Protein chains: 2
Amino acid sequence: MPHIPLESHLPGITGLLEYRKDTGAPIRDLTQILMRGPSTLTEAERELLATVVSHGNECRFCTTAHAATVDMLLGESETSEKVRTDISTAPVSDKMKALLTISALTGQSGKLVTSGHIDAAKAAGATDIEIHDAVLIAALFSLYNRYVDGMATAMPDDDGYFTALADRLVNHGYSRLPQGYDHLKK
Amino acid sequence: MPHIPLESHLPGITGLLEYRKDTGAPIRDLTQILMRGPSTLTEAERELLATVVSHGNECRFCTTAHAATVDMLLGESETSEKVRTDISTAPVSDKMKALLTISALTGQSGKLVTSGHIDAAKAAGATDIEIHDAVLIAALFSLYNRYVDGMATAMPDDDGYFTALADRLVNHGYSRLPQGYDHLKK
């Protein structure tokens, strides 16, 4: 049961973004810009970074949501599974392995990211902005993970919930719940 | 030296908010609403929560900046010092001790916040929104701490820097650098 009264039909982060809409709005905006704005990283790559951080922080709601989003974007579930098990075995580029490592470390502590990790990413072709975004995505999902678990938010009781949520994040991004998605509120 | 090229006259978070202004804007907005918007917690109390989280995450830039802000708001440095050493000995209310504990735990992992911590805060008079805000402040500063240290940002080389920064945060909040504060950019 959540530590404060939240709408029972809005599990995980969704009830929190509605509980304080004024703080929810800039959190949504930041996420939309970073995860769906112009970038040389694909949306699936950015969602993989969010997944590896949420997995490292053991946030079940966030990990399930973003792994489902990766799977929908890629049309397979092997990549998100292997990234969670062992980044080195995942079917992604060397650049992505280096960025996933930087995000995973940042999720634990920014101090764990050394110049060696940065050099490895650059040698694999990562640009400054890609390295920046890997760190900021890790920082942002460390916020989400703490917010979701620090308030003891609920997991959904409907197995289809994460498929519907992934569909929303793939097709509508992180802005406010659009018209026609009222079933996610039920 | 930072992991990516940042303006050398903008240490810590300040160079990052300028490096990607589009992501910087909603981060500033969220911080302004949460730390300076309407609340039953004073600005000094909210800055103390930011300080205890940044201290727990060992982020030197953030801890120094927010402790200096607390000190300027309170006109003394004992409170911010004792909060960093041992929350139980700090000259703050029992409610604030309970909220500081919740923030400090959330900074490590949201899963560490138990219903016992919430009950203790409520027994000391904390409201649902105050508990929510203690968790979200901890989550937000966990973002800042990881962003600042994950990019290996620089500490200022001028001893007076944090006094000027605290003055800005006390008198102008977290919005964009206002006119007349160009000395912070030099």
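On a predicted model such as this, the values are computed, not experimentally measured, just so you know. In the text below, chain A, chain B and the rest are named by the order of the sequence lines, each starting its count at 1.
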When only pairs under 4.5 Å are counted, which of B/Asp133, B/Asp119, B/Val148 shares the most heavy-atom pairs with chain A?
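Ranked by heavy-atom pairs under 4.5 Å with chain A, first place is B/Asp133.
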Can you tell which part of A/Ile102 gets under 4.5 Å to a heavy atom of chain B, answering side chain, backbone, both or neither?
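When you check distances to chain B, no heavy atom of A/Ile102 falls under 4.5 Å.
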Which atoms of A/Asp128 are under 4.5 Å from chain B, going by heavy atoms: the side chain, the backbone, both sets, or neither?
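For A/Asp128, the contact with chain B is made by backbone and side chain together.
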A/Tyr174, A/Leu48: one ILVMFWY side-chain cluster at the under-4.5 Å cut-off?
yes
Hey, quick one: are B/Ile4 and A/Leu112 part of the same hydrophobic cluster, counting side-chain heavy atoms closer than 4.5 Å, chains of contacts allowed?
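They do share one cluster, since a chain of ILVMFWY contacts under 4.5 Å joins B/Ile4 to A/Leu112.
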Are more than 12 heavy atoms from other residues, nucleotides or ligands located less than 6.0 Å from atom CZ of A/Arg60?
no
For chain B, the option from A/His117, A/Gln108, A/Lys122 that forms the most heavy-atom pairs under 4.5 Å:
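The residue among A/His117, A/Gln108, A/Lys122 with the greatest pair count is A/Gln108.
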Judged by atom type as modelled, is there a donor-acceptor pair below 3.5 Å linking the side chain of B/Arg146 to the main-chain atoms of A/Val135?
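Between the backbone of A/Val135 and the side chain of B/Arg146 there is no qualifying donor-acceptor contact (under 3.5 Å).
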Is B/Lys111 reaching over with its side chain to a backbone N or O of A/Glu58, donor-acceptor style, under 3.5 angstrom?
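Present.
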Is any side-chain heavy atom of [X] less than 4.5 Å from a side-chain heavy atom of [Y]?
{"X": "B/Asp149", "Y": "A/Val113", "result": "no"}
{"X": "B/Leu136", "Y": "A/Ile27", "result": "yes"}
{"X": "A/Arg20", "Y": "B/Ile33", "result": "yes"}

Pairs meeting criterion ring-ring contact (aromatic ring centres under 6.0 Å, His included) with involvement of residues 21-59 of chain B, two or more places apart:
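Listed once each, the pairs would be none.
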Quick one: salt bridge (charged side-chain N to carboxylate O under 4.0 Å, His left out) partners of A/Glu7, sequence neighbours excluded?
none
Only heavy atoms, only distances under 4.5 angstrom. Which residues in residues 64-95 of chain A are near chain B?
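Those residues of residues 64-95 of chain A which would need a heavy atom under 4.5 Å from chain B do not exist here.
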Return the set of residues passing ring pair (Phe, Tyr, Trp, His ring centres under 6.0 Å) with A/His132 (not counting sequence neighbours), or none when no residue passes.
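Partners of A/His132 under the ring pair (Phe, Tyr, Trp, His ring centres under 6.0 Å) test: B/Tyr19, B/Tyr147.
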Would you compute the distance between atom [atom1] of [X] and atom [atom2] of [Y] and round it to the nearest 0.5 angstrom?
{"X": "A/Asn145", "Y": "B/Thr106", "atom1": "CG", "atom2": "OG1", "result": "12.5 Å"}
{"X": "A/Leu30", "Y": "B/Asp29", "atom1": "CG", "atom2": "CG", "result": "10.0 Å"}
{"X": "B/Asn57", "Y": "A/Ser142", "atom1": "CG", "atom2": "OG", "result": "9.0 Å"}

Step by step, would you call B/Ile131 with A/Met151 a side-chain contact (heavy atoms from CB on, under 4.5 Å)?
CA-CA 9 Å; B/Ile131 291 167; A/Met151 303 285 7; 4.1 Å; yes
